[in-house]
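Contents: one structure, followed by commentary.
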Amino acid sequence: MDLLWVLIVGGLIGWLSGNLIGRDVPGGVLGNIIAGFIGSWLGTELLGPRGPVIGGFHIIPAIVGSIIALLIFFALARGEPSEDVNKERRKPIPSFNRYFYKDAATT
């Protein structure tokens with residue numbers, strides 16, 4: 001029963017932190033649980049064991065740590081290629097070519 005309680009509280013912490021930053025946590029329920037666990041560890045390391053304890057989690061450091069972990073994750077995930085990988089590239093600006101490439105001045 002304790003394991004179930006820990007999973008529920010971890011999922012709620014991940015869900016709450018995702019809602020606070022306005023982004024959906026990828027992976028659904030499992031992603032929320034993982035974000036809650038990582039956030040709890042990170043927040044407790046950064047802020048120490050403060051605030052009320054529910055299900056083995058110090059709630060305030062867990063939420064703050066989960067927000068930090070999600071912001072780091074979303075910053076790193078931003079570099080992934082989008083679905084428009086085969087989209088045409090924009091043409092370079094002609095004035096840029098004129099000043100930096102000698103052959104472009106004649107074209």
Side-chain angles (χ1 to χ4, degrees):
M1 187 67 178
D2 288 336
L3 177 63
L4 180 64
W5 186 244
V6 167
L7 292 175
I8 290 171
V9 172
L12 288 174
I13 290 170
W15 172 79
L16 180 63
S17 61
N19 282 335
L20 287 175
I21 63 171
R23 305 273 311 260
D24 288 330
V25 178
V29 174
L30 184 62
N32 284 330
I33 292 171
I34 292 171
F37 283 175
I38 293 173
S40 176
W41 171 78
L42 182 64
T44 305
E45 290 294 320
L46 293 175
L47 301 175
R50 300 171 190 220
V53 178
I54 299 176
F57 294 100
H58 295 277
I59 297 299
I60 295 171
I63 292 172
V64 171
S66 184
I67 289 172
I68 293 170
L70 287 176
L71 289 175
I72 291 171
F73 171 77
F74 288 128
L76 293 175
R78 185 181 298 172
E80 292 182 8
S82 64
E83 297 172 2
D84 301 343
V85 173
N86 295 327
K87 194 174 182 180
E88 284 187 28
R89 300 180 104 193
R90 290 188 336 171
K91 302 224 185 254
I93 301 171
S95 61
F96 178 84
N97 286 338
R98 186 173 3 152
Y99 290 115
F100 294 103
Y101 299 109
K102 294 177 183 176
D103 296 334
T106 60
T107 57

Drop me the distance from [X]'s [atom1] to [Y]'s [atom2], to the nearest 0.5 angstrom.
| X | Y | atom1 | atom2 | value |
| --- | --- | --- | --- | --- |
| N32 | L70 | CG | CG | 8.5 Å |
| I68 | L46 | CD1 | CG | 5.5 Å |
| D2 | L7 | CG | CG | 11.0 Å |
| I13 | I60 | CD1 | CD1 | 11.0 Å |

Any side-chain heavy atom of [X] within less than 4.5 Å of one from [Y]?
| X | Y | value |
| --- | --- | --- |
| W15 | S66 | no |
| I38 | F73 | no |
| L20 | I63 | yes |
| T44 | F57 | no |

Tell me if the CG atom of N19 is crowded by more than 12 foreign heavy atoms within 6.0 Å.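 Correct, the count exceeds 12.
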
Taking [Y] as the starting point, is it possible to reach [X] by hopping between hydrophobic residues whose side chains are less than 4.5 Å apart?
| X | Y | result |
| --- | --- | --- |
| I59 | W5 | yes |
| L16 | I67 | yes |
| V6 | V53 | no |
| V64 | I72 | yes |
| V29 | L3 | yes |

Show the nearest heavy-atom pair for residues [X] and [Y], with the distance to one decimal.
| X | Y | value |
| --- | --- | --- |
| H58 | R50 | CB-O, 3.5 Å |
| F74 | I21 | CE1-CD1, 3.7 Å |
| G48 | P61 | O-CG, 3.4 Å |

